Amino acid sequence: MQNGEIAAIFYQIADLLELQDVPFKPQAYRKAARQLESMSDDIEQVAKEGKLEEIPGVGKALAEKIQEYIRTGKIKHLEELKKKVPGNLDELLAVPGLGPKRAVILYRKLKVDSLEDLEKAASLGKIRNIEGFGEKSEQEILKGISLLRRGQERMLLGVALPIAREIAKKLQELDEVQKIEIGGSIRRRAETIGDIDLLITSTKPQKVMDFFTSMPEVERTLAKGDTKSSVLLGNGKQVDLRIVENKSFGAALQYFTGNKDHNVKLRTIAIKKGLKLSEYGLFRKNKLVAGKTEQEVYAALGMKYIEPEMRENQGEIELAIKGNLSKLIGYGDMKGDFQMHTKFSDGVNTIKEMAIAAKQLGYEYIAITDHSKSERIANGMDEKRLLQYVQEIRKAEKEVKGIRIFVSCEVSIKVDGSLDYSDDILKKLDIVSVSIHSGFKMPKETMTQRICSALQNKYVDIFNHPTGRYINLRDPYDFDFDKMVETSVKNKVHLEINASPERLDLKDSLIRRAKELGAKFTVSTDAHSINGLVAMELGVAMARRGWLEKKDVVNAHGLKELSKFFKHKNL
DNA sequence: GCCGTTTTCGGCCCGACTGTTTTCAGTCG
């Protein structure tokens, strides 16, 4: 998929245009870029079908540029813009607090055209004397640069969510705080999080702000007002706190949940109805029409309530207006977990310990999936140990009682597409799941064949972490996604949504794509200890972001219904 | 550069905070 590459170019074009003070075009480029990043279709495919201009935010000019990139691998317009803008001036826009206007002033006055130059100029005290700047802005620029270098990467959802909950809990304990909600991309359960947004109602905002800005984990206060404050934590991450009145809480929560494009569209719809939507409510003239709850706001705009995980302007608003939104799978719907490891390979707990922990979570069943023999580094099991493992699981099931424990295995797909165990071994397992663990850098064709040939083995039930990516660390291996999904549908192989925080694989857009192609899914934690089992929440979040319903997810079904999802099996 | 059941031209979401200012522009979300 070239979606991301083209989006990156559009973002850069937007920056370069902004530096030249071109109005409106930057927003247009950015809107298109965001759309490309989050859409589920392969841009090359969309282009082939001649449907580029159907993408919201893409018109004639951008469609041509996308075509140009697919054809030539570059966009001439970008090269031309680069010639007009000196050096790496666009780097400067990444410095918090420094925008296009002042970046250009710095270039004109000091010939600063890179991050390095900027840092030098600021530390030599050259910036404070320029009109429009002062000593304070010079310091802000220096801090901004070091911040940029330190914490540029977005946090994993699995990291941000507990931090946000911890801070929210502290604030909740204050007498002055009435309602509190976590907003922003965390509430939408995006896979990575830029900063943490909190929303509060309070009668004494100043006291709350005082507490907030002086919490021990706060390293620096960026802004402090009656309704809005921002702080930086020791890990370099920003937390924004907003305080509103009770009558505006729903409108504010809606607003601060986003995403941006979803909100812009809602506001446009409001305007067409003669209304005005802001974080303070939905207004007709100056009269508040709705605002206390989100439900009220969506209803007043003439649509069904939209779950936060869907708010990405990917067609959900249109569906909500027609009343055709699907009912998303719920966080409490999971009845079991199909992937976890024990001491038999690279896990830290025993089979029994995992089973007891899973039972406490209310599950009806789990599958133990220790590694197959080629995973030597993960203590993969040879055939002899595998037999011992089977017995051990059967024994644990009798001892723990009240939870079904399936004998399964995470079987590696070898480089030639064959599996790590023979069919004679595979047929002894209750459930067979397969994974790519090596040979990631194959050409697309070969990798596609390798995967598809494994999925055609008649004993295979689940394809684990199908793209192999690690968020921020490792890109997916290159393969034909649609072909893989088609093969898995044909062979009744389910696609795993791996819930471990650093994987979240499949990701949201691919889940949607796979669902369109008829796939069924499992959501599993890949836990390597009893603590890892709680990651299920993140997997369900991804399923919801992929618009899945309960019926799409195999392990949202009880033990009794399970057999119908598996081929030739009586579970 | 995009978009349209008020428009194919003339709009483009709305508001808070900060620093450098004597009333506001720039930046951010």
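Protein chains get the first letters and strands the later ones, always in sequence-line order, with residue 1 at the start of each. Since the structure is predicted, the reported quantities are computational estimates derived from the model, not experimental observations.
Using a 4.0 Å heavy-atom criterion, one finds that L98(A) contacts the sugar-phosphate atoms exclusively. Within the nucleic acid shown, V95(A) comes within 4.0 Å of sugar-phosphate atoms alone, with no base atom in reach, counting heavy atoms only. Note on P56(A): only backbone sugar-phosphate atoms sit closer than 4.0 angstrom, heavy atoms only; bases stay farther off. Counting any heavy atom pair closer than 4.0 Å across all strands shown, K265(A) reaches no nucleic acid atom.
Rounded to whole angstrom, the span from the CD1 atom of I193(A) across to the C1' atom of dG29(B) amounts to 15 Å. Taking atom CZ on R311(A) and atom P on dG29(B), their separation rounds to 20 Å, with Å as the unit. Distance E53(A) CD to dC3(B) P: 8 Å, rounded to the nearest Å. Remark: P of dG29(B) and CG of D261(A) are 16 Å apart, rounded to the nearest angstrom. Here the C1' atom of nucleotide dG26(B) and the CD atom of E131(A) are 14 Å apart, to the nearest Å. In this structure, L52(A) atom CG and dG1(B) atom C1' are separated by 15 Å, rounded to whole Å. If you take CD1 of I186(A) and C1' of dG29(B), they are 15 Å apart, rounded to a whole angstrom. Put simply, OH on Y11(A) is 18 Å from P on dG1(B), counting in whole angstrom units.
Side-chain atoms of K228(A) and D240(A), non-hydrogen and from C-beta on, never get closer than 4.5 Å to each other.
For the P atoms, the distance from dG26(B) to dT21(B) is 13 Å, rounded to whole Å. Using atom P as the reference point in both dG1(B) and dT6(B), the two lie 28 Å apart (nearest Å). Comparing the P positions of dC9(B) and dC14(B) gives an interatomic distance of 25 Å, to the nearest angstrom. Distance check on atom P: dC28(B) versus dT20(B) gives 15 Å, rounded to whole Å. Using P as the reference atom, dC13(B) and dC3(B) are 13 Å apart when rounded to the nearest Å. Between dG11(B) and dA16(B), the distance separating the two P atoms is 25 Å to the nearest Å. The separation of dT22(B) from dC12(B), taken at their C1' atoms, amounts to 32 Å, rounded to a whole angstrom.
As the counterpart of dT8(B), no nucleotide is assigned, since no Watson-Crick or G-U wobble pattern has both distances under 3.5 Å.
By the side-chain contact (heavy atoms from CB on, under 4.5 Å) test, T201(A) pairs with Q178(A), K179(A), V244(A), N246(A), F249(A), sequence neighbours left out.
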query: When every nucleotide of nucleotides 10-19 of chain B is labelled 5' to 3' by its protein contacts under 4.0 Å (heavy atoms), B for base, S for sugar-phosphate only, - for none, what sequence of letters results?
result: --BBBSSSSS
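For T525(A) against M536(A), the heavy-atom pair with the smallest separation is CG2-N, 3.4 Å.
We find that R189(A) and E309(A) are not joined by a salt bridge, their nearest charged nitrogen and carboxylate oxygen being 4.0 Å or further apart. Taking 4.0 Å as the cut-off between side-chain N and carboxylate O, K224(A) and D210(A) count as a salt-bridged pair.
Among the nucleotides dG1(B), dT27(B), dG29(B), the one closest to any side-chain atom of P100(A) is dT27(B).
Ring geometry for H77(A) versus Y29(A): interplanar angle under 30°, hence parallel rather than tilted (30 to 60°).
In summary, of the residues considered (E191(A), E307(A), E312(A)), a salt bridge (Lys or Arg N to Asp or Glu O under 4.0 Å) with R545(A) occurs for E312(A) alone.
Residue-to-nucleotide proximity on DNA chain B shows that, of K101(A) and L62(A), the 5′-proximal contact is made by L62(A). Mapping I130(A) and A63(A) onto DNA chain B via the closest heavy atom, the residue that lands nearer the 5' end is A63(A).
For the pair K111(A) and Y107(A), the cation sits on the ring face: its NZ or CZ lies under 6.0 Å from the ring centre, inside 45° of the axis.
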